[in-house]
Every structure is written in C-alpha cells, then in structure tokens.
> 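Here's a structure for you.
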Amino acid sequence: QHYFIQSNLSRTHVFMSVCLRTLPNRALLQASLRNGGVKLLHSLPRHHVAAVLMCPIWRHDQLSAFFPGPHGFQRHLSASTSPSKEQILLAKKLLAQQQRKKRKLRDIVLSTVSLLIFMGGVSMASVPLYKAFCSATGYGGTTKKHNEEDNAKVAGMEAVSWRPITVTFGTNVHPSLDWTFEPVQDSVTIVPGETCLAFFTAKNLTSEVITGISTYNVTPYEAGNYFNKIQCFCFDEQTLNPGEELDMPVFFYIDPEFALDADLIRLGCNDVQLHYTFFNTDQTHSRHIGKAIKAYITGSDADASPEFPIPVGDNIVPINDDVYKEVLRKGYQKEFVVPGSTVVAHVTGTLEDSGKIFWSTKGGSPFSFKAGVGTLVTGWEEGCLGMSEGEISKIHMSSSKGYGKIGNRSWNIPGNSNIAFEIEIMAVR
C-alpha cells in the first residue's frame, strides 16, 4: 500500500527531501515504527521527514501521533476512510461560519442601498427643506420671509434713524449655469424699520432655454433674524430664453429690534451683506410656447407691444411719448425730487389693461428709494423727477418704459404690459 505524506512542506520540497535523504530517513523511520519509537521520530527535523515509500509495517496510531490534530494525517488518508466525528463537527462549523458571512454581506449590501436611496431623497428635497427651515428660523444668516401676520407689525413700525446700516449685495453663479447675475446697485444705506426695494439682473448667455433657482443668506449670521423680505425671487424657478435678460426685485426691511441687539453692537455691525447664488435646475422648457401658439392661430405678432393709451385731462403732464404724469394732488412746492435725492413715498402699482393692483405700500411702511440713479424702471425714474413733498401723482408708462417684453414674474406682471405707479411723496432728503 502506497501513501504520500506531506507536513507543512510543498510537493517540490518533499520530492527533494526524498531524493537527498531517502536512505537514512527511511531506515530511521522504519526502525522507529517497528519498535514503537515515536519519540525518536520527533527528534528529527520535520523537513527531513518527507516521504514513506513501500512501508508495510507502519501503524495508523503511530502516524496519527506524529501528525496530531484534525488537520494532520487524517486528511491524507484515502477517500475510502470513514470521517471521524471531529471532522464532521469541524465541517459543520465551517459551513455555519460561511453562511454567517454570506448573511452579513447581504445585510451590508441592503443597508448601503437603503442609505443611498435615502440620501437621494434628501438631496431632492434639500431646497424646499432648506427654505422652510431657514426662512422660519433665520438659521445660518438666512433671512426671514415676511408673511401676512407681519402686516400689523410693519404698519406700526418706526424707523430707528440713529442706527444707519449699509446693505451690500453680492451674487454668485454655479459653474453649471451659463448666466450673468448681478445687482443693479452695489449697496444701499437704510435704517431699521425702513423698507427698501433693490433689483438684480440675470441674463441667459446660451442658445438654449434654461431654468435656474437661487438660494440666499445674510452675513453676519446674527443679522439674519432681523432681515425680513416682503417680496423676493429666491427659491422660485426663473426660466430664461436664449439671450433673455430678467430684472428681479427684492423688497425688504430690517426689524427695528436690530438696533437693540447687544451681540450686534459688540460686533460693531454697521454693514450687512445679502448674498444670492443661482443654480441650474436642468429644466429646458419655454414659457413662450403658449404665446407663440396663440399668435399663430390669431395671425398676430407674439412679441408686439400693446397700444399705449395716452391719458387725457387738464391734470396730465406729458413727460415724453411713453410717460405721462397725472397730478392727483399738488405738493408743498418746497422740496423737490432731483437726481441723487432719497425719496420716501407710498406707492401703488397697477396694470393699465386690467386695473389689477400688483404692489402697494399703503397700510404699511412707506417705500424709500434714491432718485435718478437707475435702480427703478425707466418710466418711474422719469416721472417722479420734479415732484415735491406732499404731491400725489400717477405715472402712466408704456411697456417699453416699464418691464418690457420680459415682464416681472415675481409680481405676476406679464410681458408687454402698460403699467402705472401712483406715488405719494412723503419726504425728500
């Protein structure tokens, strides 16, 4: 009976050991097995015990003693040898370990996939969640959104004249959005309790229809709790056609409690920055499709401006062919609006075609602006110059002097709309 025995040696080492040391090792091993001299066999270096060839006198228990344990001589027996209980238990133990590993790997894969799905859902909801949380709390320098409950507070709000604040406007565009986005004015100086209107301009530089959306914040962060916006374009999708330019207003005020905040006083906070960032929403649709279809059916020009009805009456003062001032009440004729002067006024904006009011400060805080510096629509700028304190006039203007072909989506003003602003001059500074 032939056996090939290997103990922690490669087949190459076994073959070399047999070739080089066959005679002394074989004779010594045979003598040890005949006489039961297992101790003598242990005295040899293990790498010298390489092979036993044609040995009819060995005994199973002696070889098991020389190769102890379940992984020793037992595994080198022929396939016809019956497995021991220890071998069966070991096999079952290894099988159970393998099954546990498979279950653990499956749990890890399922957990990872679930986490990826959850993170995907959170990323999709991040903008509305950010808007809801930050607008309610002012966290991270986010301004608070004005709501209907604040109207009573605004109506009774008093300006804190001894605490002037310079509000600086900053803009940024994500690299994925090929737009220009800039403030019309770099900064304004206001006081807590005073409302202010600012404008930003965005332009699509591509040959495709692109929709963008903006986020915002205020620095220093502590000022976010006091910065309130009455009207804003943030978190609203803005769709621009190729080469289209859009003016977007922000109507805001700073709460009078800003002036009493001890932390802001210690910081020496006299400057606040309102910063916007525009992102690409990867939506490609045109808001002019319906207008184009209607123009095709009726045979009209989709981009044609409506006819501007020229107002008539003894109290009508023509400014130019597209702007007319209707004097409703004469002023005190003492302080007049000139370029560069700061004007405090109540304003009501109306669509001429429908009579719909799209903006009014009556019943709330008056609106302040600097005249003749290009921060307002052209018709407003041209019509208010020369008005005096106490005067109430209605400035009628064609769409070319108002919001043009673009309109103003923040105030739901369609493109090519003739509009009018009723302005009551409260003070000229």
> Looking at CH2 of Trp359 and CG of Leu197, how far apart are the two atoms once the value is rounded to the nearest 0.5 Å?
5.0 Å
> Of all heavy-atom pairs between Asn172 and Phe181, which one has the smallest distance, and what is that distance?
O-CD2, 4.0 Å
> Checking the side chain of Arg329 only, and the main-chain atoms of Gly390 only, is there a donor and an acceptor separated by less than 3.5 Å?
yes
> Indicate, with yes or no, if the rings of Tyr324 and His396 have centres closer together than 6.0 Å.
no
> May I ask you to check whether Asp322 and Ser398 show a side-chain donor-acceptor distance below 3.5 Å?
yes
> Tell me whether Thr189 contacts the main-chain N or O of Pro164 through its side chain, where contact means a donor paired with an acceptor under 3.5 Å.
no
> Would Phe200 and Trp179 count as a close aromatic pair, with their ring centres under 6.0 Å?
no
> Are the side chain of Ser114 and the backbone N or O of Leu110 linked by a donor-acceptor pair below 3.5 Å?
yes
> Under the salt bridge (Lys or Arg N to Asp or Glu O under 4.0 Å) rule, what do Asp263 and Arg266 come out as? Steps first, then yes or no, please.
CA-CA 5 Å; Asp263 292 334; Arg266 281 193 292 268; 2.4 Å; yes
> Apply the test salt bridge (Lys or Arg N to Asp or Glu O under 4.0 Å) to residues Glu424 and Lys362: give CA-CA distance (whole Å), side-chain angles for both, the deciding distance (0.1 Å), then the verdict.
CA-CA 10 Å; Glu424 179 183 359; Lys362 290 188 176 180; 5.3 Å; no
> Can you find a heavy atom in the side chain of Ile165 that is under 4.5 Å from one in the side chain of Val191?
no
> Could you tell me which non-hydrogen atom of Ala198 sits nearest to which non-hydrogen atom of Phe169, and how far apart they are?
CB-CZ, 3.6 Å
> Glu208 and Thr206: side-chain donor and acceptor closer than 3.5 Å?
no
> Around atom CG of Asp321, are there more than 12 heavy atoms from other residues, nucleotides or ligands closer than 6.0 Å?
no
> Could you tell me whether a side-chain N or O of Ser368 sits under 3.5 Å from a main-chain N or O of Val344, the two making a donor and an acceptor?
no
> Looking only at heavy atoms, what is the nearest atom pair of Cys234 and Ser214, with distance?
CA-OG, 3.3 Å
> How long is the straight-line distance from NZ of Lys356 back to OG of Ser417, given to the nearest 0.5 Å?
10.5 Å
> Ignoring hydrogens and geometry, is there a side-chain-to-backbone donor-acceptor pair from Gln99 to Ala96 under 3.5 Å?
no
> Taking all non-hydrogen atoms of both residues, which atom of Thr239 and which atom of Val209 are closest, and how far apart?
CG2-CG1, 3.6 Å
> Rounded to the nearest 0.5 Å, how far does CG of Asn418 lie from CE of Met397?
10.0 Å
> Checking Glu237 side chain against Thr211 main chain: does a donor-acceptor pair fall under 3.5 Å?
no
> Could you grab the distance from atom SG of Cys232 to atom CZ of Phe252, nearest 0.5 Å is fine?
10.5 Å
> Calculate, to the nearest 0.5 Å, the distance between atoms OG1 and CD belonging to Thr342 and Glu194 respectively.
8.5 Å
> Just wondering, more than 12 heavy atoms not from Glu158 lying within 6.0 Å of its CD?
no
> Check each of Thr171, Thr180, Asp247 against Thr201 using the side-chain hydrogen bond (donor to acceptor under 3.5 Å, both in side chains) test, and report the only one that passes.
Asp247
> Taking Ser187 for the side chain and Thr166 for the main chain, is one N or O donor matched with an acceptor at less than 3.5 Å?
no
> Could you check whether any side-chain N or O of Asn204 sits under 3.5 Å from a backbone N or O of Asn241, counting only pairs where one atom can act as donor and the other as acceptor?
yes
> I want to know whether Tyr276 and Phe233 have ring centres closer than 6.0 Å.
yes
> Determine yes or no for a side-chain-to-main-chain donor-acceptor pair under 3.5 angstrom, with Asp255 supplying the side chain and Phe258 the backbone.
no
> Looking at Glu389 and Val428, would you say the former's side chain and the latter's main chain have a donor-acceptor pair under 3.5 Å?
yes
> Does the pair Tyr226 and Leu264 meet the rule for a side-chain contact (heavy atoms from CB on, under 4.5 Å), with working shown?
CA-CA 11 Å; Tyr226 303 104; Leu264 293 172; 3.9 Å; yes
> Show the numbers, then the answer: is there a salt bridge (Lys or Arg N to Asp or Glu O under 4.0 Å) between Glu391 and Lys330?
CA-CA 5 Å; Glu391 180 179 341; Lys330 292 184 178 181; over 6 Å; no
